[in-house]
There are 2 protein chains.
Amino acid sequence: MKPKTASAARQYPCEKCPLQRFPHFQVHDKEEISFLSEFKTGELVADAGTTVLVEGANSAHLFTVLSGWGFRYKTLDDGRRQILNYVLPGDLIGLQGSVMKEMQHSIEALSPMILCVFQRDKLPNLFRSFPNLAYDITWLASREEQMLDEILLSIGRRTALERAAYLFAFIFQRAKSVDMVKNGKLTVPVTQQHVADTLGLSVVHTNKTLRKLASRGALRWLDRGCDVLDEQMLMEISGWQGLSTAPRPYI
Amino acid sequence: MKPKTASAARQYPCEKCPLQRFPHFQVHDKEEISFLSEFKTGELVADAGTTVLVEGANSAHLFTVLSGWGFRYKTLDDGRRQILNYVLPGDLIGLQGSVMKEMQHSIEALSPMILCVFQRDKLPNLFRSFPNLAYDITWLASREEQMLDEILLSIGRRTALERAAYLFAFIFQRAKSVDMVKNGKLTVPVTQQHVADTLGLSVVHTNKTLRKLASRGALRWLDRGCDVLDEQMLMEISGWQGLSTAPRPYI
DNA sequence: GCTGCGCATTTAACTATGACATACCAAAGT
DNA sequence: ACTTTGGTATGTCATAGTTAAATGCGCAGC
């Protein structure tokens, strides 16, 4: 379970970044794109199940997700795992390791992923020459913090049913903004163990909880994944108001 | 319970910032201090119990904590509260609201606090003219994210005893770096309701858990607060390796 | 075609935690 | 000086959630 080496080959030049086709993402100007093209050292293609970033590693790169699903997680010495967040196209990953010198979480691919690879030691250059991009990076860090705040609220204070409902409403809205929802329905490539590790519950209890959501028609479990069917019901069960749909930065 | 208005009066000019006396904080050069002096619009003095920042508010400021204790929290509509993190001297607060336009958490003072007030609309200036300070801000955002990751791991996967042990070891180490630990002991100004809201537990169960830690000599409960007595035991119980002691940025 | 594995699902027993109630104490308010 | 309030502590019972074990199914490997 080891990540493929980043390749210098480019399926996607920055000028034709696949994220640009989503109205959810703000636009970069020519100079920024030119700089990003140099900042980018290549692309990483990761198979489902591979570990993209390893806790404790001193990574020389940070990455933007171009396609696919992944998750961020931390583990305790005895193997207990907490999934911190899910990773979707447009997300910047590895910033903590770049800015703070050591990754304290890992990232694993849930589906085949393509990631844009940036070189950490060019980050100070970016901050000097492109304050707007630096501001975008700070925006991305603040956004991750804001998501973590709501996730921590959920795990700490919501009931199991509310937690599950919030999780799928949250994933649904993030996926919607990158056009993954088809006909009002989203397929999420996770097992119930993933869901359990995200909600802070056992697999058995998670199964019971997901059955409750299914019986209400909010979602349907498949093998190794589920269809999210009713965003509104999930928001209502969890008492969550949703994410902003305003266009947002990416790099 | 409303915050006192920020005063333009300065107990602490940036040249004589009280945080500078701690070796834990990196040093700013003269130009940076000069800019920060203009970026700073005043100081906020908050009494214990006051709400420094309110969820939903559109704050025009961000703040550095100069002294005192506080906490960041989110609430659900029915009043359930999750304390996300504690706030200590050197912490930057309000960045989410500054960068993302709306605070989605609140901050309350646990003790009298003094905060340095910065003006949000000068942030782009800072990013343009002082990339090193901008980088420091990104560092601070990443650090908060990293702390949230560990807290979420704790709430999601640690037992009640491990959570409490981790919390006090974590608070102890943060306080140690700003010289709040005297004779190997730290007094933390929290009630058991605060601890319960941090650990995702009820007050009753928190009391039982804290009694276990007390019976092992790791801490001693006072009225409205506790003494943290044995950092090493707490780290051992929680299986936590501790924080970096490397000098860190602040603004 | 058979076997083994991963995953989903279920059940039963058990434990951690919550809810509720009560008692006590110190400090603030009257 | 007395009362009220907030906070700590403890006991009991109920429930959410965990653990262990079992079963079934689909798919990959042989």
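Residue numbers start from 1 in every chain, and the chains themselves are labelled A, B, ... in the order their sequence lines are given, proteins ahead of strands. None of these values were measured; they are calculated from a predicted model.
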Query raised in the report: How long is the line joining CD of B:E162 and P of C:dA16, in whole Å?
Result: 12 Å
Report summary line: side chain to side chain donor-acceptor pair (under 3.5 Å) filter on A:Y86, not counting sequence neighbours, yields A:T198
Report summary line: In short, side chain to side chain donor-acceptor pair (under 3.5 Å) pairs touching residues 215-226 of chain A with sequence neighbours left out are A:R220-A:D227
Report task. Dump the intermediate steps for side-chain hydrogen bond (donor to acceptor under 3.5 Å, both in side chains) on B:E102 and B:N58, then the final yes or no. Result -> CA-CA 5 Å; B:E102 192 187 87; B:N58 197 335; over 6 Å; no
Report summary line: Atom NZ of B:K208 and atom P of C:dA16 are separated, to the nearest Å, by 12 Å
Report task. Look at the side chain of A:T50 and the backbone N and O of A:V52, then say whether any donor-acceptor pair between them is shorter than 3.5 Å. Result -> no
Query raised in the report: So does A:R174 pair up with A:D91, basic N to acidic O under 4.0 Å?
Result: yes
Report task. Please list all pairs passing the side chain to side chain donor-acceptor pair (under 3.5 Å) test where one or both residues lie in residues 233-243 of chain A, with sequence neighbours left out. Result -> none
Query raised in the report: What parts of residues 70-82 of chain A reach DNA chain D, counting only heavy atoms under 4.0 Å away?
Result: none
Query raised in the report: Taking OP1 and OP2 of C:dC7, is either one under 4.0 Å from a side-chain nitrogen or oxygen of A:Q192?
Result: no
Query raised in the report: Between A:Q96 and B:E145, do the side chains contain an N or O donor and an N or O acceptor separated by less than 3.5 Å?
Result: yes
**Report entry** Pair listing, ring pair (Phe, Tyr, Trp, His ring centres under 6.0 Å) test, anchored in residues 174-217 of chain B, at least two apart
**Finding:** B:F71-B:H194
Report task. Look at the side chain of A:R157 and the backbone N and O of A:S154, then say whether any donor-acceptor pair between them is shorter than 3.5 Å. Result -> no
Requested in this report: Would you please name every residue forming a side chain to side chain donor-acceptor pair (under 3.5 Å) with B:Q193, sequence neighbours left out?
Outcome: B:D197
Pull out every protein N or O sitting under 3.5 Å from an N or O of nucleotides 26-30 of chain C, one pair per line with the distance.
none

Report summary line: Its 5'-most and 3'-most nucleotides having an atom under 4.0 Å from a non-hydrogen atom of chain B, DNA chain D is contacted over D:dG7 to D:dT12
Report task. Can you tell me the distance, in whole Å, between the CD1 atom of B:I155 and the C1' atom of C:dT17? Result -> 14 Å
Report task. List in numerical order all residues of residues 212-222 of chain A for which some heavy atom is under 4.0 Å away from an atom belonging to DNA chain C. Result -> A:W221
Report task. Hey, could you give me each pair passing side chain to side chain donor-acceptor pair (under 3.5 Å) that has a residue in residues 62-79 of chain A? Not counting sequence neighbours. Result -> A:R72-A:H105, A:R72-A:E144, A:R72-B:D149, A:K74-B:E150, A:D78-A:R80
Report summary line: Under a 4.0 Å heavy-atom cutoff, the residues of residues 199-207 of chain A touching DNA chain D are A:G200, A:L201, A:S202, A:V204, A:H205
Report summary line: By nearest-nucleotide position on DNA chain D, the 5'-leaning member of A:R163 and B:L210 is B:L210
**Report entry** Nearest non-hydrogen partners of A:D230 and A:G217, listed with the distance
**Finding:** CB-O, 4.0 Å
Query raised in the report: A:L201 and A:A160: which non-hydrogen atoms are nearest, and at how many Å?
Result: CD1-CB, 3.7 Å
Report task. For the residue pair A:Y166 and A:F170, categorise the inter-ring angle as parallel (less than 30°), tilted (30 to 60°) or perpendicular (more than 60°). Result -> parallel
**Report entry** Shortest non-hydrogen contact from B:Y250 toward B:G90
**Finding:** CB-O, 4.0 Å
Query raised in the report: What integer distance in Å separates A:R211:CZ from C:dA8:C1'?
Result: 9 Å
Query - All side chain to side chain donor-acceptor pair (under 3.5 Å) counterparts of A:E231, not counting sequence neighbours - result: A:Q173, A:K176
